[in-house]
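Sending over a structure as structure tokens; questions will come in a sec.
Any value given below was found using the heavy atoms of this structure, including those in side chains, with hydrogens, waters and symmetry copies removed. In this chain, numbering begins with 1 at the start of the sequence shown.
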Amino acid sequence: MSVRRSGSDESGVAARLRRYQERIESLVTRVLLLGIFATGLTAQFVKPVADALEGKAYLGGALLSLVGYVLYDQLKELSASVRAPASASVSSFQLGNYVSDAFRARKVEVSFLGYTGETLYHALYDRLEGLLVDPGPVHHVQIRMLVPDFEQQMAVPSKVGDDDQPVDDPEFRGRMERQCREYDGILSQFVGRLAAGRRVTVECEYRVYQGIPRDKICIFNRELVLHGLYDVSARMQWQDAEYYDPKGYRTDLNVWSRDGTAAAEDALSQWNKHFDDLWSLATRPVWRQGA
């Protein structure tokens, strides 16, 4: 599946360029301050340098420049610590880009919590199919998919009843379950096909959770998290009736990634723990039980 990069990718490049520019400016400033300090200190003890500068307060100037250097360094650290974290938001259409980036690693881990995972499924299918031709650095792939338990009565998805009240519809829930079951079956086929080549091993497992599909979470290699909220009020027409049916491809996702700060590390740790805990509480779907 081809996914075109949008303006959010361009803004990411611009942000990286700004960071590089800030680092260069910081380095130049520090070099100048140290240069002033070294020159002033040398002038205090080396007469030719002092004569060349024709100054009297070399040591004082040198010490002042050193103080300036230290203060500058501390101010930079303080500024970095109090700067509000840059918010980044991407479209679900861009999931393919993140999947491709994740598959550059030797060990690939993709975790998903959401509705049916249709958008992510297509991206994963393309990447797994590509491994059959050229596995590249990939040696192991683990895919974990958490979807709603469509065997249970649900408010979303559901039929839109009188006064816009949700009415549980087993037939519509069954339609969503068959879709997830189909995705599971197709992705699982890659387990054997790739194992036959003895170069890449693949694990793919679906589990179900209780409740409505509210959050959409994608975690790649435990180092990057995408999180968004489904529009649970979204509707669609099916068999001459109207249904509450969230549209995952319309969901914008906030990005959490490593940026070298303690706050980012804590956030990633919490997201990974949150998903791991939900995964451990989830159960195997009906179509997987007994398999």
Is there side-chain contact between Pro157 and Phe150, with heavy atoms separated by less than 4.5 Å?
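Counting from C-beta outward, Pro157 and Phe150 do come under 4.5 Å.
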
Where the side chain of Tyr209 meets the backbone of Gly114, is there a donor-acceptor pair that is under 3.5 Å apart?
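Yes, the answer is positive, given that a donor and an acceptor are paired below the 3.5 Å cut-off.
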
Give a yes or no answer on whether the side chain of Ser89 reaches the backbone of Asp252 with a donor-acceptor pair at less than 3.5 Å.
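Judged by distance alone, no pair lies under 3.5 Å.
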
Check the orientation of Tyr230 and Tyr115. Use parallel for under 30°, tilted for 30 to 60°, and perpendicular for over 60°.
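Taking Tyr115 first and then Tyr230, their aromatic rings stand perpendicular (interplane angle over 60°).
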
Side-chain heavy atoms nearer than 4.5 Å, only ILVMFWY residues, links allowed to pass through others: does that put Phe103 and Leu226 together?
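Yes.
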
Quick one: does Tyr98's side chain have a donor or acceptor within less than 3.5 Å of a partner on Val225's backbone?
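No; judged by distance alone, with no hydrogens or angles, the pair does not exist.
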
Side-chain donor/acceptor of Ser188 to backbone N/O of Asp184, under 3.5 Å
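Present.
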
So if you build clusters from Ile, Leu, Val, Met, Phe, Trp, Tyr with side-chain heavy-atom gaps below 4.5 Å, do Met145 and Trp279 land together?
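Per the 4.5 Å side-chain linkage, Met145 and Trp279 are not co-clustered.
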
In the structure I gave you, are the side-chain heavy atoms of Thr201 and Leu194 within less than 4.5 Å of one another anywhere?
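Thr201 does not reach Leu194 side chain to side chain.
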
As an exercise, state the distance from CG of Asp149 to CZ of Arg207, rounded to the nearest 0.5 Å.
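Taking CG in Asp149 and CZ in Arg207, the distance rounds to 13.5 Å.
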
Check the side chains of Glu109 and His140 for a donor-acceptor pair under 3.5 angstrom, ignoring hydrogens and angles.
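The answer is no; no qualifying pair exists.
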
Basic-acidic side-chain contact under 4.0 Å: Glu242, Arg235:
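So Glu242 pairs with Arg235 through a salt bridge.
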
Could you see if Ile217 belongs to whatever hydrophobic cluster contains Val110? Use Ile, Leu, Val, Met, Phe, Trp, Tyr and a side-chain cutoff under 4.5 Å.
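Per the 4.5 Å side-chain linkage, Ile217 and Val110 are not co-clustered.
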
Does Arg258, at its CZ atom, have more than 12 non-hydrogen atoms belonging to other residues, nucleotides or ligands within less than 6.0 Å?
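Check passes, neighbour count above 12.
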
Aromatic contact between Phe190 and Tyr125, with the criterion being ring centroids under 6.0 Å apart: yes or no?
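Ring-ring flag for Phe190/Tyr125: true, centres closer than 6.0 Å.
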
N/O donor-acceptor pair under 3.5 Å between Asp231 side chain and Ser233 backbone
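The answer is yes, because a donor-acceptor pair under 3.5 Å joins these two groups.
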
For this output row, return yes or no: ring centroids of Trp271 and His227 closer than 6.0 angstrom.
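Here the rings of His227 and Trp271 have centres that are less than 6.0 Å from each other.
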
Could you please spell out the steps behind the side chain to side chain contact (heavy atoms under 4.5 Å, CB included) verdict for Leu187 and Leu124?
CA-CA 8 Å; Leu187 291 178; Leu124 287 171; 4.3 Å; yes

Is there a donor-acceptor pair under 3.5 Å between the side chain of Asp169 and the backbone N or O of Glu171?
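Checking the backbone N and O of Glu171 against the side chain of Asp169, a donor-acceptor pair under 3.5 Å is found.
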
Okay, side chain of Asp168, backbone of Met154: is any donor-acceptor separation there less than 3.5 Å?
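Judged by distance alone, yes, a pair lies under 3.5 Å.
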
Check whether any side-chain N or O of Ser91 sits under 3.5 Å from a backbone N or O of Gln94 as a donor-acceptor pair, and report yes or no.
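It does not hold such a pair.
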
About how many Å separate CD1 of Ile219 and CG of Asp276, when rounded to the nearest 0.5 Å?
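With rounding to 0.5 Å, CG (Asp276) is 7.0 Å from CD1 (Ile219).
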
Are Phe220 and Val202 linked, directly or through other ILVMFWY residues, by side chains that come within less than 4.5 angstrom of each other?
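Linked within one cluster.
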
Using 30° and 60° as the class limits, which term best fits the ring planes of Tyr183 and Tyr121: parallel, tilted or perpendicular?
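Rings of Tyr183 and Tyr121: parallel, under 30°.
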
Given 3.5 Å as the limit, does a donor-acceptor pair link the side chain of Asp245 with the main chain of Met236, or not?
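It does not hold such a pair.
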
